[in-house]
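Worth knowing before you read on, the calculation uses all heavy atoms, side chains too, and leaves out hydrogens, waters and symmetry mates.
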Amino acid sequence: MSGKHILVAVAWPYASGSRHLGHLAGAYLPADIFARYHRLAGNRVLMVSGSDVHGTPITVRADQEGVEPQVIVDRYHNEFLRNWEELGISWDLYTSTGTDNHREVTWDVFRTLHEHGYIVPKTTQQFYDPEAERFLPDRYVEGTCPHCGYESARGDQCDHCGRQLDPEDLVDPRSRITGATPVMRPTEHYFLRLSAFEDRLLDWLQSRTGWRRHVLNMAIGFTREGLQDRAITRDLTWGIPLPPEFTEIGEGKRIYVWFEAVIGYLSASKEWAQRRGEPDAWQAWWTDPDAESYYFIGKDNIVFHAVIWPCQLMGYGGLNLPTDVPANQYVTFKGEKGSASRGVGRSISWYTERLQPDALRYALAANLPEQNDTDLSDGDIVRRVNEELVATWGNLVNRVLSMTAKNFDGAVPEPGELTDVDRSLLERVDRGLEDEARMIEKVELRAGLRTAMEVAQAVNAYLNATEPWKTAKSDRARTGTVLWTAIQSLAALSVGFEPYLPFSSARLRGMLGLDEPLRWGRLDVAPGTRLGSIEPLFGKLDEDVLTD
RNA sequence: GGCGGCGUAGCUCAGCUGGUGAGAGCGCUCGACUCAUAAUCGAGAGGUCGGCAGUUCGAGUCUGCCCGCCGCUACCA
């Protein structure tokens with residue numbers, strides 16, 4: 001547990017629209033909790049991600065609004081940056097796939113895989129718009145669905161009956177750009193030879209332990225069905241171009257976004273190292289076999305991170321494969337999956353405008369969809385905050401500090417000899433932190449938070465048993481010992497809650513006169529320390545705070 | 001359609017390789033306390049573990065079928 005290098009790799013949010021609560025709960029918050037814990041535990045954490053600025057949805061939106069894709073990208077990238085700032089997502093680097101560095105690293109991966117024989121050109125047939133003089137992505141072809149007769153089905157799927165389609169299945173296909181009838185034309189593309197990795201990948205997957213059941217079975221099942229070579233270039237103008245020497249497949253090709261977005265984990269690590277003035281520093285997380293890497297993603301991304309990205313890494317050579325891919329399921333809203341495009345689930349920004357960051361972090365962390373889809377209503381959020389966070393933890397802090405202020409003139413009292421109840425509470429607190437640490441290390445973050453809350457409950461029970469408000473009238477020494485014991489427990493909990501509730505935990509330490517930096521474990525608060533001004537850690541929420 | 005996951009108390013969820021009378025939080029009931037953000041602490045009620053069949057001395061936990069929800073199905077990423 002001393003000084004391991006831990007890469008916390010987090011899904012790259014798509015700069016095509018606001019992200020909603022489901023994205024936050026699925027990837028960004030759990031990653032942040034995990035990273036914050038490991039920093040406290042003394043490990044060297046590198047937590048990276050960035051905005052994914054390429055891909056078809058961005059160009060679709062740009063076309064709809066009549067602006068350049070970059071306008072869309074800038075708008076949402078900036079919104080994401082505000083979200084992370086407000087919520088305290090503790091990136092070591094949050095960048096984007098639009099940087100020169102990312103292009104260079106992508107080219108390096110592309111060239112190396114090509115050199116190793118894993119990238120080859122192939123010819124395919126694809127729809128071409130003769131008026132716009134360009135090839136059409138599936139989503140740009142529309143027509144009548146052969147299954148249900150819906151007239152505006154897209155080339156990739158029918159929005160009416162939900163079936164997967166190939167564009168050539170469409171009856172009466174037309175271009176969404178010009179309305180012209182598209183024609184099939186041959187086009188050449190580079191393919192990644194996933195088939196070459198099938199056996200190696202399967203062996204590796206089957207040797208994984210501790211992975212979530214749905215993640216491992218998904219990846220193994222997918223691989224067992226047989227890996228097919230996959231196109232990694234597209235006929236597009238928005239995206240990373242091919243390395244300049246790759247001219248054999250013709251003009252107008254871009255690297256397909258799924259191939260380069262995951263490379264962002266590597267390019268961001270290198271960018272971080274460069275900015276730090278130690279260009280080779282990234283290697284400690286990528287080439288040292290003792291380093292660990294965790295990829296925080298949603299369940300829709302499992303194949304890309306547990307199958308395709310490992311293939312890319314194996315083909316490149318010399319880089320670490322994922323230690324774990326703790327993919328989360330979905331947060332649903334009244335049983336419905338969040339969707340930025342369909343307006344299900346409000347944006348992260350909507351919530352940060354109405355809630356204290358730690359309150360939102362608590363409600364989400366207590367509901368993380370680690371095993372199942374988890375339904376989260378606005379009422380649940382209010383309930384979690386008022387009846388758990390405020391009632392159990394916020395109130396505990398307030399009652400202890402208020403009594404101390406009242407009876408000991410706002411200074412930490414000197415303890416007398418500890419009794420069995422005092423000692424057993426402190427042992428309970430220590431054991432709680434140890435249990436919590438184990439759970440977080442297994443990426444069981446909900447359980448970790450619950451463990452910390454149980455410690456808070458134990459402190460509440462201790463106070464009810466020792467009744468310092470009564471002894472204050474008769475036995476000042478005993479009262480001082482009890483409050484000292486309770487204050488030590490609060491200090492410990494300011495560490496235990498730090499990964500989940502960084503803002504309020506820091507405020508509490510401020511009240512207790514404690515300084516950073518922290519380490520995982522119980523902190524000592526010296527007798528005589530003057531308490532800062534005492535104010536509630538969290539405000540109780542109005543029933544209708546989340547009602548428009 | 002195929003593959004994977006899930007379906008457990010009113011609500012949100014834990015239950016690893018099958019084994020003393022099925023768990024937690026919240027809500028609810030009763031009691032204690034009154035320092036504290038009407039907060040806290042204790043006790044209790046509450047479930048045919050989606051349905052049917054099977055394997056087993058014994059299944060929430062294994063097998064088959066069925067129903068429902070979610071994801072993937074390789075041009076969303």
(Q) Would you measure the distance from the P atom in G7(B) across to the matching atom in U63(B) and give it in whole Å? (A) 14 Å

From the list Trp12(A), Tyr14(A), Trp238(A), ring-ring contact (aromatic ring centres under 6.0 Å, His included) with His54(A) holds only for Trp238(A)

- Query: Do other residues, nucleotides or ligands put more than 12 heavy atoms under 6.0 Å from Gln457(A) CD?
  - Reply: yes

From the list Leu242(A), Ile119(A), Leu113(A), side chain to side chain contact (heavy atoms under 4.5 Å, CB included) partner of Ile232(A) resolves to Ile119(A)

Open item on the list: What contact category does Leu227(A) fall into here, base, sugar-phosphate, or nothing, at under 4.0 angstrom with non-hydrogen atoms?
Closed with: base

- For C35(B), does either OP1 or OP2 sit under 4.0 Å from a side-chain N or O belonging to Lys406(A)? no

Its contact letters, B for base, S for sugar-phosphate only and - for none at protein heavy atoms under 4.0 Å, make nucleotides 26-33 of chain B read SS-----S

For this session: Taking atom C1' in both C30(B) and A45(B), compute the distance separating them and give it to the nearest angstrom.
Result: 10 Å

Notebook entry, point to check: Taking only side-chain nitrogens and oxygens of Asn386(A), does any of them come within less than 4.0 Å of OP1 or OP2 of A39(B)?
Noted result: no

**OP:** Look at Arg224(A) together with Glu198(A) and state whether they make a salt bridge at an N to O cut-off of under 4.0 Å.
**Re:** no

- prompt: C33(B) and U48(B): how far apart are their P atoms, nearest whole angstrom?
  reply: 37 Å

Check: Does the side chain of Asp358(A) pick up a donor-acceptor pair with the side chain of Ser504(A) at under 3.5 Å?
Finding: yes

Using the C1' atoms only, state how far U8(B) lies from G47(B), rounded to an integer number of Å.
8 Å

Distance-only donor-acceptor hits, side chain of residues 395-405 of chain A, under 3.5 Å, sequence neighbours excluded:
unit_1	atom_1	unit_2	atom_2	d
Arg399(A)	NH1	Asn460(A)	OD1	2.7
Arg399(A)	NH2	Asn464(A)	OD1	3.1
Ser402(A)	OG	Asn398(A)	O	2.6
Thr404(A)	OG1	Val400(A)	O	2.8

| said: For a quick check of understanding: with a heavy-atom distance under 4.0 Å over all strands, which category does Ser16(A) fall into, base, sugar-phosphate or nothing? | reply: nothing

TODO: Could you label the plane-to-plane angle of the His77(A) and Tyr94(A) rings as parallel, tilted or perpendicular, counting under 30° as parallel and over 60° as perpendicular?
DONE: parallel

In numerical order, the residues of residues 393-403 of chain A whose heavy atoms come under 4.0 Å of RNA chain B are Gly394(A), Asn395(A), Asn398(A), Arg399(A), Met403(A)

Expressed in whole Å, how much space separates the C1' atoms belonging to C35(B) and G50(B)?
48 Å

- Message: Roughly how many Å apart are A59(B) and G15(B), using the C1' atom of each and rounding to a whole number?
- Response: 14 Å

Interatomic distance at C1', G54(B) relative to A9(B), whole Å: 28 Å

